[in-house]
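A, B, ... follow the sequence lines: proteins, then strands. Residue 1 opens every chain. Atoms considered below: every heavy atom in the structure, side chains included; atoms not considered: hydrogens, waters and symmetry mates.
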There are 2 protein chains.
Amino acid sequence: MAIDIPALLQKHSLKVTQQRLALLGYLVTHETHPTAEMIHAELPEISLATIYNTLDKLVEVGLVVIIEGTADGKRHYDFYGEPHYHIINTKTQEIFDANNFDVQPLLQAGREATGLDITDYHIELYGVDPDDAK
Amino acid sequence: MAIDIPALLQKHSLKVTQQRLALLGYLVTHETHPTAEMIHAELPEISLATIYNTLDKLVEVGLVVIIEGTADGKRHYDFYGEPHYHIINTKTQEIFDANNFDVQPLLQAGREATGLDITDYHIELYGVDPDDAK
DNA sequence: CATTTAATTAGAATTATTCCAAACAACTTG
DNA sequence: CAAGTTGTTTGGAATAATTCTAATTAAATG
């Protein structure tokens, strides 16, 4: 069953526009973790300003997450259908998604350390292929 | 026992310069998580170019970590004397350090998910004061 | 279908960060 | 410890990712 993009937008009180359908649809169907510029290259009919505006909105409602800390210094974006974290190959710059970890203990630790209600988290792991000649 | 800054630099094969002593000394002794600009305001005798150069070097050798994902969109820097993670109050933008969490299971999960040797990690939790009127 | 409200757009503006090439300072070696 | 080598510092210019602006257009509502 494919993801219902219009429903996703409506669920978050976002108007269903051609641009949002195209952009969110693109993120949903691609495993890449593109920058705004990369999305614009794939969807040139959407202006770059709208790419940024739309990404901001999608991040705001939690449908998309920003990945920072990549070697290129740019923001990368990722559809956030299910909670997950990121693993970056620092040699190839590939970004992988993973969800094989229960974050609850971490969130609990954060709460205990600060007394804050933890509302969100970003986890990036950095690694290299062990087979790469050193 | 105070931290021996020259030894820290030497341990990582970095020349011990006045600028590095001042900058690393500043980070070691302050709980703030400043941007390059903020450091420059505190240490105006060091040029901004050198602030950036030095921070880059310190990050490279692992003495300092970059905190990304703050609301101001700028990079914040933190002395990385002991492994820790960050918790950001999204209302006040305060950044807290915490180390009350064993990251080994997470690193192991990352390895299992990708086959990569995990060499580093960044964890940021985001939260709000539960007492804040909603 | 008329109205309201919000989204889109091109292009200008901003600004954090990087780059540059010259001057200088730290370490090394004899 | 003098001279040399190497790496560091610097002011300022350059870059480029992102944000802003004000005018146009499209989506939702009833």
A.B. asks: Starting at atom CG of B:L24, determine the distance to atom P of D:dT8, rounded to an integer number of angstrom.
C.D. replies: 15 Å
A.B. asks: Nearest to the side chain of B:N53, which nucleotide is it out of D:dT9, C:dT8, C:dA10?
C.D. replies: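 Output: D:dT9.
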A.B. asks: Would you mind reading off the distance between A:H12 atom NE2 and D:dA27 atom C1', rounded to a whole angstrom?
C.D. replies: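 Taking atom C1' of D:dA27 as the reference, NE2 of A:H12 is at 19 Å.
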A.B. asks: Using atom CD of B:E68 as one end and atom C1' of C:dT17 as the other, report the distance to the nearest whole Å.
C.D. replies: 12 Å
A.B. asks: Round to the nearest Å and state the distance from A:H40 atom NE2 to C:dT9 atom P.
C.D. replies: 9 Å
A.B. asks: Respond yes when some side-chain nitrogen or oxygen of B:T17 is under 4.0 Å from OP1 or OP2 of D:dT9, and no when none is.
C.D. replies: yes
A.B. asks: Ring centres under 6.0 Å, that's the criterion: do A:H122 and B:Y126 meet it?
C.D. replies: yes
A.B. asks: With a 4.5 Å cut-off on side-chain heavy atoms, are B:N99 and B:P83 touching?
C.D. replies: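 No, too far: nothing below the 4.5 Å cut-off.
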A.B. asks: Given D:dT8, C:dA7, C:dT9, which nucleotide is nearest the side-chain atoms of A:K57?
C.D. replies: C:dA7
A.B. asks: Between B:L14 and A:I51, who's closer to the 5' end of DNA chain C by nearest nucleotide?
C.D. replies: A:I51
A.B. asks: Which pairs, protein N/O on one side and nucleotides 15-19 of chain D N/O on the other, fall under 3.5 Å?
C.D. replies:
from, atom 1, to, atom 2, distance (Å)
D:dA17, OP1, A:K74, NZ, 3.3
D:dT18, OP1, A:R75, N, 3.3
D:dT18, OP2, A:Y52, OH, 2.7

A.B. asks: Looking only at the side chain of A:T50 (C-beta and beyond, no hydrogens), which of the listed nucleotides D:dA27, D:dT8, C:dT9 gets closest?
C.D. replies: C:dT9
A.B. asks: Examine B:H86 together with B:H76 and report whether their ring centres are nearer than 6.0 Å.
C.D. replies: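 Here the rings of B:H76 and B:H86 have centres that are no less than 6.0 Å from each other.
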A.B. asks: To the nearest angstrom, how far is B:Q19 atom CD from C:dA25 atom C1'?
C.D. replies: 9 Å
A.B. asks: The side chain of B:K15 is closest to which nucleotide in this list: D:dT9, C:dA26, C:dA7?
C.D. replies: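 Given the options D:dT9, C:dA26, C:dA7, the side chain of B:K15 is closest to C:dA26.
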A.B. asks: Atom CD1 of A:I46 and atom C1' of D:dA26: how far apart are they, to the nearest Å?
C.D. replies: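 Rounded to the whole Å, the gap is 14 Å.
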A.B. asks: Give the rounded distance in Å between these two atoms: CZ of B:R20 and C1' of C:dC27.
C.D. replies: 12 Å
A.B. asks: Does some side-chain heavy atom of B:M38 sit less than 4.5 Å from a side-chain heavy atom of B:T32?
C.D. replies: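 A side-chain contact is absent here, since even the closest heavy-atom pair is not under 4.5 Å.
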